[in-house]
Amino acid sequence: MQTVAYLCKKMTFMNEVRVRFAPSPTGPLHIGGVRTALYNYLFARKHGGKMILRIEDTDQTRFVPGAEAYIMDSLAWCGIQFDEGIREGGVHAPYRQSERKEIYTLYCEQLIRSGHAYYAFDSTEELEHLRKSAEANKTTFIYNSQSRKNLHNSLTLSPETVEGYLASGKPYVVRFLVPEKFEVVMDDIIRGRVVVKSETLDDKVLFKSDGLPTYHLANIIDDHLMQISHVIRGEEWLPSLPLHVLLYQAFGWEAPLFAHLPLLLKPDGNGKLSKRDGDRLGFPVFPMRWEDPFSHEVSSGYRESGYYPDAFVNMLALLGWNPGTEQELFTMQELIDAFSLDRVGKAGSKFDPEKTKWFNHQYLIRKTNEEIASDFQHVLIEKGIQANSHLIIKVVGLVKERVHFVKELWDEAHFFFETPEKYDEQVIQKRWKPETPAQMQGLSTMLLNLPVFDAAAIDAAIKTWIETSGYGMGAIMNALRLLMVGTSKGPHLADIMALIGKEETILRIQKGLETLH
RNA sequence: GCUCCCAUCGUCUAGUCAGGCCCAGGACGCCAGGUUUUCAUCCUGGUAACAGGGGUUCGAAUCCCCUUGGGAGUACCA
């Protein structure tokens with residue numbers, strides 16, 4: 001048995017690292033795709049190489065308007081930049097496969113001439129029928145060295161017949177002639193050596209009857225032409241790696257290095273994470289909101305859900321890769337410095353929406369109060385609240401530890417901007433006693449006469465007042481909190497009172513006394 | 001079915017390549033306690049895993065084999 005060994009190229013300083021992210025524009029890019037792009041990007045930057053975006057739109061039937069722009073916008077939001085691509089241009093342009101038809105035709109003809117590929121005239125219906133009957137016999141139909149002998153192709157038909165068919169415009173495809181009795185040996189950076197017998201492979205279609213190549217052909221030609229050094233892609237491509245290696249062989253080209261990334265799995269149960277899981281489980285699976293142009297179905301995105309792009313990227317980076325240290329928070333530059341394909345795991349990772357929230361919280365509490373305040377300002381304006389930024393900054397400083405997202409700030413801080421309209425019934429039961437109104441009135445009077453109304457002064461005054469009156473600290477403070485906030489939560493009371501001011505503080509006590517008696 | 005890939009706490013993972021430092025470490029979540037005028041934060045502690053079975057070895061989470069389980073692919077889709 002012959003052996004085709006695909007050997008690793010030695011990485012040298014002469015060989016520039018060039019990687020590509022090659023999505024097909026059939027819809028929004030989900031987080032698995034973003035992670036693949038991210039790993040490519042980190043790898044490229046780490047090695048001072050180039051990152052290329054190539055759009056694989058060879059299936060015209062699956063074209064979705066807006067998907068291409070969505071992909072580019074999403075990655076830009078994540079901070080993943082390309083050196084060459086649709087928007088960036090580059091010496092290998094065009095970067096859209098549909099615009100490279102002529103190139104593929106040329107190379108495909110080369111393969112036919114060299115005897116590595118052949119014409120096949122079997123109709124879709126015929127093949128479908130063969131598959132069905134094979135299935136009925138509990139076997140699988142494969143277009144391979146066995147079956148190709150009994151099918152309509154340039155290997156079985158006379159040259160004249162083939163010529164006639166081609167001349168008459170009979171639809172045909174070009175298939176790869178898988179060599180017999182070969183052992184394809186592949187070295188994957190993540191998986192190590194993988195060996196496959198060529199008999200188990202089928203004669204994949206290289207060129208479709210619509211005049212466009214399939215993924216397999218276009219991808220090999222483009223990776224070669226664009227001088228891609230490393231192909232970093234999802235594990236779903238591993239089964240077609242033998243074909244790709246054989247294709248490089250057939251062309252006489254040196255293959256790039258391959259790294260097949262483990263898949264992202266559903267948080268519950270099993271299986272590859274899919275676009276449906278997000279809506280089903282209540283978390284986004286897309287970086288940005290997407291509205292399907294045909295069904296108008298809307299899928300939520302991380303951006304619109306209030307995630308910071310750096311938190312999102314940080315989370316994604318650690319899903320399948322780890323630095324080998326206990327560091328969890330990384331800037332993009334730190335990720336670049338730490339990244340290595342050696343530390344990418346082999347097993348699929350279940351996506352954890354809870355930890356994703358935790359990452360966002362970590363990023364949020366590290367932002368400056370000013371930065372958060374300017375985002376929060378927009379939320380306040382939507383609520384119809386006018387507040388000066390000085391106040392907002394202070395409020396943010398008091399409550400940011402309590403939230404995962406900017407939009408949650410309102411729930412934790414609304415009482416800084418509006419007088420409580422109602423009081424929590426449970427807290428009333430627990431904290432509002434018959435003697436409370438008189439105590440609150442006394443407190444109100446004392447506060448009214450307080451010359452300085454900052455947190456420290458309020459704190460000291462209330463403490464002294466409680467002590468001299470002989471009341472219980474808990475009883476007074478909790479009742480007072482009920483009047484200030486409407487319930488039993490929130491930051492330090494004196495901080496709240498100082499920020500809303502003396503007038504509002506007194507007003508809230510009086511209002512509470514009227515409402516609760 | 002067939003081909004290929006994978007297998008450590010509920011989840012993400014360290015440790016596996018170079019076997020002993022691991023009756024397995026960290027993080028998220030969860031639970032409890034502490035701090036606090038409340039809630040949250042924070043602090044402390046706890047919960048919880050080497051899928052199973054055979055080998056090899058003085059010694060295995062680590063190496064080998066089998067079983068089981070999971071995943072991917074199996075299109076004129078990518």
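Below, chains carry the letters A, B, ... as their sequence lines are ordered, and counting in each starts from 1. Values reported hereafter were calculated over all heavy atoms of this structure, with side chains retained and with hydrogens, waters and symmetry mates removed.
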K.L.:
Phosphate oxygens OP1/OP2 of rU13(B): is one of them under 4.0 Å from a side-chain N or O of Asn322(A)?
P.N.:
no

K.L.:
To the nearest Å, how far apart are Ile190(A) CD1 and rU16(B) P?
P.N.:
18 Å

K.L.:
Is it possible for you to check whether Arg175(A) lies under 6.0 Å from the centre of the six-membered ring of Tyr143(A), through NZ or CZ, and within 45° of that ring's axis?
P.N.:
yes

K.L.:
Give me the ring orientation class for Tyr215(A) and His244(A): parallel if the planes are under 30° apart, tilted from 30 to 60°, perpendicular past 60°.
P.N.:
tilted

K.L.:
Excluding sequence neighbours, so at least two apart, what forms ring pair (Phe, Tyr, Trp, His ring centres under 6.0 Å) with Tyr302(A)?
P.N.:
Tyr307(A), Phe312(A)

K.L.:
What side chain to side chain donor-acceptor pair (under 3.5 Å) pairs are there with at least one residue in residues 468-485 of chain A, not counting sequence neighbours?
P.N.:
none

K.L.:
Can you tell me the base-pairing partner of rA32(B)? Count Watson-Crick or G-U wobble geometry only, both distances below 3.5 Å, and say none if there is no partner.
P.N.:
rU44(B)

K.L.:
Can you give one letter per nucleotide of nucleotides 70-78 of chain B, 5' to 3': B if a protein heavy atom sits under 4.0 Å from the base, S if only from the sugar-phosphate, - if neither?
P.N.:
SSSS-SBBB

K.L.:
Does Lys367(A) qualify as a cation-pi partner of Tyr308(A), given the criterion of NZ or CZ under 6.0 Å from the six-membered ring centre and within 45 degrees of its axis?
P.N.:
yes

K.L.:
Among residues two or more places apart or on two chains, list those pairs meeting salt bridge (charged side-chain N to carboxylate O under 4.0 Å, His left out) that have a residue in residues 21-31 of chain A.
P.N.:
none

K.L.:
Take atom NZ of Lys266(A) and atom P of rC12(B), then tell me their distance rounded to the nearest Å.
P.N.:
15 Å

K.L.:
Output the rounded distance in Å from CZ (Arg481(A)) to C1' (rU38(B)).
P.N.:
5 Å

K.L.:
In whole Å, I'd like the distance from the CG atom of Leu329(A) to the P atom of rU13(B).
P.N.:
17 Å

K.L.:
Take nucleotides 29-35 of chain B nucleotide by nucleotide from the 5' end and write B, S or -, depending on whether a protein heavy atom sits under 4.0 Å from the base, only from the sugar-phosphate, or from neither.
P.N.:
-------

K.L.:
Would you kindly give the CH2-to-P distance between Trp321(A) and rA14(B), to the nearest whole Å?
P.N.:
11 Å

K.L.:
Before you tell me yes or no, could you show the steps for Ile428(A) and Asp424(A) under side chain to side chain contact (heavy atoms under 4.5 Å, CB included), namely the whole-Å CA-CA distance, both residues' side-chain angles and the distance that decides it to 0.1 Å?
P.N.:
CA-CA 6 Å; Ile428(A) 296 172; Asp424(A) 189 306; 5.9 Å; no

K.L.:
Spell out protein contact along nucleotides 40-50 of chain B as letters: B when the base is contacted, S when just the sugar-phosphate is, - when no protein heavy atom is under 4.0 Å; keep the 5' to 3' order.
P.N.:
BS---------

K.L.:
CZ of Phe330(A) versus C1' of rC12(B): gap in Å, rounded?
P.N.:
13 Å

